[in-house]
Amino acid sequence: MTGPRGTGGVRVLPAGPHALLVELADGEQAEAFHAELLRRRERGELPAVREIVPAARTVLLDGIGERTPGARDRFARELVSWRIPPPRRAGRDAVEIPVVYDGPDLDEVAGLWGVPAAEVAAVHSRTAFRVAFCGFAPGFGYLTGLPERLHVPRRTTPRTRVPAGAVALAGPYTGVYPRPSPGGWRIIGRMPDPGELWNPQREPAALLEPGTPVRFVAVGEDAGGAVPRPRTAGRPGPVPRAAGEGGVAPSPRAAGEGGAVPWPPVAGS
């Protein structure tokens, strides 16, 4: 099967025997396409699809059921003909994440932004963020919202260990590390209780799912406590505290809607 193309730069490619990879022009189109897939699945208008996995500029549909020969190819041709409305960004309360802005790269980021170091917290915490997609590790969300002039490059030399809870920047993204790991993003602060980012005893296990609005709240050094969940229908109240640092599942695909592998490389750790 060749990859059919639609208007607006949409391209659909086969990905193994039972999956399709939808390539979009940019992150906003990928977010809108993912939202439309979820709406149609909820209405029963999609064929059987085991996983829908958004990433930086793609959406993977994995485990497509083929009840008749050629069903996947027909579905691919149908996908490129869809008219996709822009993402709906109203009506959901933001997840508030407390941050102590004392990261080791704070001064470097201030220099790149052209502001005093004390201003980084103010600029970052008054920005409205949104989870574009999830990946890298269970509970890790790639958050967009910073204007292009505030995008920063990754560190030339990655760290061998970034602590759980580190709030860091790379390219257009902000991320909060749910567990210790190597990483090359620029750390500007830390979340006091990162265990809430991934809790396998909770449904859903990931606090930050694609499409979730996020707001960072600057707090003092001794801050702690539970991170509030999205205040939407059926999901009120604070998240119960997870044991340890989050009971991390062994595979990144467990995060959010399947744990997309980030692309392009700037979206890595």
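The model shown is predicted, which means the values in this text are computed figures rather than measured ones. Keep in mind that the numbers below use all heavy atoms, side chains included, and drop hydrogens, waters and symmetry copies.
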Under the salt bridge (Lys or Arg N to Asp or Glu O under 4.0 Å) rule, what pairs show up with a residue in residues 183-192, not counting sequence neighbours?
D102-R190, E108-R186, R190-E221
How would you list all residue pairs meeting salt bridge (Lys or Arg N to Asp or Glu O under 4.0 Å) that involve residues 156-178, not counting sequence neighbours?
D105-R159
Is it true that R39 and E36 have a side-chain N and a carboxylate O under 4.0 angstrom from each other?
yes
Contacts of [X] that satisfy side chain to side chain contact (heavy atoms under 4.5 Å, CB included) - sequence neighbours left out:
X: P17; value: none
X: E45; value: R40, R43
X: A168; value: Y177, W185, I187
X: A32; value: I84, P87

Validation row: L169, V109 side chains within 4.5 angstrom (heavy atoms):
yes
Going by side chain to side chain donor-acceptor pair (under 3.5 Å), name the residues that satisfy it together with D107, two or more places apart in sequence or in a different chain.
none
What residue among F136, F133, F140 forms ring pair (Phe, Tyr, Trp, His ring centres under 6.0 Å) with Y173?
F133
Rounded at 0.5 Å granularity, tell me how far CG in L60 sits from CG in L20.
8.5 Å
How long is the gap from CD1 on I97 to CE on M191, to the nearest 0.5 Å?
5.0 Å
So the ring pair (Phe, Tyr, Trp, His ring centres under 6.0 Å) pairs with at least one residue in residues 9-33 (sequence neighbours excluded) are F33-W82
Determine all donor-acceptor pairs shorter than 3.5 Å in which one atom belongs to a side chain in residues 118-125; sequence neighbours excluded.
from : atom 1 : to   : atom 2 : distance (Å)
H124 : ND1    : Y101 : OH     : 2.8
H124 : NE2    : T174 : OG1    : 3.3
S125 : OG     : A121 : O      : 2.6
S125 : OG     : A122 : O      : 3.4

